[in-house]
Amino acid sequence: MFYICINFKYMNQNFSEQEQIRRQALEELIALNIDPYPSDTYEINANTEEIHKHFPQDNTLYQDISIAGRLMNKRIMGSASFAELQDSKGRIQLYFNRDEICPGEDKLMYNTVFKKLLDIGDIIGAKGFVFTTRMGETTIHVKEFTILCKSLRPLPIVKKKDGKTYDAFTDPEQRYRQRYVDLIVNPHTREIFKKRAAVIRNIRNFLEELGCLEVETPVLQPIYGGAAAKPFKTYHNKLDTTLYLRIANELYLKRLIVGGYDGVFEFGKDFRNEGMSRFHNPEFTQMEMYVAYKDYYWMMDIFEEMIEKVVIELNDSTIIKTGDNTIDFKRPWKRFTMYEVIKHFTGEDISEMNESELIKLAKKLGVETDRYMGKGKIIDEIFSDKCEPHLVQPTIIMDYPIEMSPLAKKHRSKTGLVERFEVICSGKEICNAFSELNDPVDQRKRFEEQLELGRRGDPEAMVIDEDFIKAIEFGMPPTTGLGLGIDRFAMIITDSKSIQDVIFFPQMRPDK
RNA sequence: GACUCGGUAGCUCAGCAGGUAGAGCACAUCCCUUUUAAGGAUGGGGUCCUGAGUUCGAUCCUCAGCCGAGUCACCA
């Protein structure tokens, strides 16, 4: 009669059979005086990547190794068995032989501990030597193993053969909600986040070499500003005041330029209480930088240089395949003014148009407008709708209408425009930059125009930041600033379809 | 927010004119001293997303809800 002894303790707790069995194995280990969660350091002197890199060529190496990782597979063949160990670098096969694990009469470590009590997902340490099996696979001949952590939940087992993947753990919801499982089981996911980290590291190095100071500014702000967006609102009890989670870093970073730094930058989370999509997560990472005594032309050059360098560093080439597009980041990129690019894609010269003519044009082009949209916003709509999606290669679009850029400096020669540029790539904006407005009188006027837009109903109109005006009344040197969406850029670099693929824990509805 | 698709075992999925479910992997028992997604045999495992309705009977049909994915709309 078939019979499994399941401990009563676990019967009524809604554990699945596999969870019950693992909990029982845990108890049996304890009963055998084996600590399933030992605290000592486990000394390691090899990793899977190194072994695979050097071993078959020089088989005198790795004859006395100690390695640790997660058990990902077990193939028991009687008194000789194979398993797979996964560490942070990759995987390697382990060979277990009963009489070597247990040289004496007592075969417990092999027959019971290895064969029965060790499960896929457990973390173990192994000591032994590396050899090549008859099948030609580099393998660790294990002479001794140690349980470092018992796993109580079964892991999805992804298998591969001839480049085909079986039983892949692919359900996006589960991958995002249980990112730890995704990371264990899908090596590609770990690579994406290493690349993301490398993007940030390379940008940071570049900016430090440029002489900029990395700074941190408040996330909790009494007045949000620096962008057109809806904020998250929160409350500080002791101060009895409403605070907002920042939507941009801009106004604080410019205060630091007022304070006398020549260049500052910040990698920061910004928060926008708006829709979510594969391009939008409520919290996202932005790098903003401000450099004194420079203008937006200088920034265009520096940004091109920085991105080209980062792409080469990560990719060994300036060419990146992303989605259906092949993008070449090689300098110099094409540069157009906004009016030029609109003329190019719509055939319309809008440079002399007033608001009502623009509304008429938008209608003609099938671009929706709202009552509260000002001239700048309508132009932006036309651009976003009719031009942006066509711009695949990195392209600098410059000289924006003044109405949609309340923090940018008036253009030195073109009336009605500001010295602002964006870089569009793969149909999406990846950065936004200007010659910063440092005329406090003009700045106050611009804020007031925003108030007017707010009165007309624009939910994203900016509010006046009196302290910021005060700061620039003390005098801010001519400055150029730039914001780079790190998530969006990481999507391009890692060929990810969704922003959720480049954020470890994307925002999800609470799990029910 | 609108539309489309989906939610069945730990994982990947099948199923059904409406008669309370299947496969592979994983798991368990036994056999097996170099196997390669995958040795052999046997076996256990499911509130078929939730709730209501239709029905003798619903995993399946209807309605509502929850969650997710994709497309579109807005912000980066």
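Letters go in sequence order (proteins before strands), and every chain restarts at 1.
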Using atom [atom1] of [X] as one end and atom [atom2] of [N] as the other, report the distance to the nearest whole Å.
{"X": "K74(A)", "N": "rC25(B)", "atom1": "NZ", "atom2": "P", "result": "17 Å"}
{"X": "R278(A)", "N": "rA73(B)", "atom1": "CZ", "atom2": "P", "result": "12 Å"}
{"X": "M72(A)", "N": "rC11(B)", "atom1": "CE", "atom2": "C1'", "result": "12 Å"}
{"X": "E137(A)", "N": "rA37(B)", "atom1": "CD", "atom2": "P", "result": "9 Å"}

Judged by modelled atom types alone, do E288(A) and Y290(A) share a side-chain donor-acceptor pair under 3.5 Å? yes
Please tell me whether Y224(A) and D270(A) have a donor and an acceptor in their side chains that are separated by less than 3.5 angstrom. no
Across all strands shown, which nucleotide pairs with [N] by Watson-Crick or G-U wobble geometry, both distances under 3.5 Å?
{"N": "rC13(B)", "result": "rG22(B)"}
{"N": "rG68(B)", "result": "rC5(B)"}
{"N": "rA41(B)", "result": "rU29(B)"}

Note: P406(A) and L437(A) closest approach over all heavy atoms is O-CD2, 3.8 Å
Any [X] side-chain N or O less than 4.0 Å from OP1/OP2 of [N]:
{"X": "R509(A)", "N": "rG68(B)", "answer": "yes"}
{"X": "R177(A)", "N": "rG68(B)", "answer": "yes"}
{"X": "Q20(A)", "N": "rA28(B)", "answer": "no"}
{"X": "Q174(A)", "N": "rC11(B)", "answer": "yes"}
{"X": "K159(A)", "N": "rA26(B)", "answer": "yes"}
{"X": "R153(A)", "N": "rG10(B)", "answer": "no"}
{"X": "N73(A)", "N": "rA38(B)", "answer": "yes"}

Rounded distance in Å between the [atom1] positions of [N] and [M]:
{"N": "rC11(B)", "M": "rA26(B)", "atom1": "C1'", "result": "7 Å"}
{"N": "rA69(B)", "M": "rC31(B)", "atom1": "C1'", "result": "46 Å"}
{"N": "rC72(B)", "M": "rU12(B)", "atom1": "C1'", "result": "31 Å"}
{"N": "rG53(B)", "M": "rG40(B)", "atom1": "P", "result": "50 Å"}
{"N": "rG57(B)", "M": "rG19(B)", "atom1": "P", "result": "14 Å"}
{"N": "rC25(B)", "M": "rC74(B)", "atom1": "C1'", "result": "44 Å"}
{"N": "rA58(B)", "M": "rG15(B)", "atom1": "P", "result": "23 Å"}

Between F434(A) and R420(A), is there a cation-pi geometry (under 6.0 Å to ring centre, at most 45° from the normal)?
no
Next on the checklist: What contact category does E288(A) fall into here, base, sugar-phosphate, or nothing, at under 4.0 angstrom with non-hydrogen atoms?
Outcome noted: nothing
- Have a look at F96(A) and say if it touches a base, only the backbone sugar-phosphate, or nothing, with a 4.0 Å heavy-atom cut-off. nothing
More than 12 heavy atoms of other groups within 6.0 Å of K428(A) NZ:
yes
Nearest-nucleotide check on RNA chain B, E388(A) vs Q178(A); residue mapping nearer the 5' end is Q178(A)
By nearest-heavy-atom nucleotide on RNA chain B, the more 5' of I499(A) and K160(A) is K160(A)
Using only heavy-atom distances, decide whether a donor-acceptor pair under 3.5 angstrom links the side-chain of [X] to the base of [N].
{"X": "Q93(A)", "N": "rU35(B)", "result": "yes"}
{"X": "T139(A)", "N": "rU34(B)", "result": "no"}
{"X": "S81(A)", "N": "rU34(B)", "result": "no"}
{"X": "R134(A)", "N": "rU34(B)", "result": "no"}

Could you check whether the rings of F145(A) and F96(A) sit parallel, tilted or perpendicular, using 30° and 60° as the cut-offs?
perpendicular
For F129(A) and H141(A), take the angle between the two ring planes, folded into 0 to 90°, and tell me which bin it lands in: parallel under 30, tilted 30 to 60, perpendicular over 60.
parallel
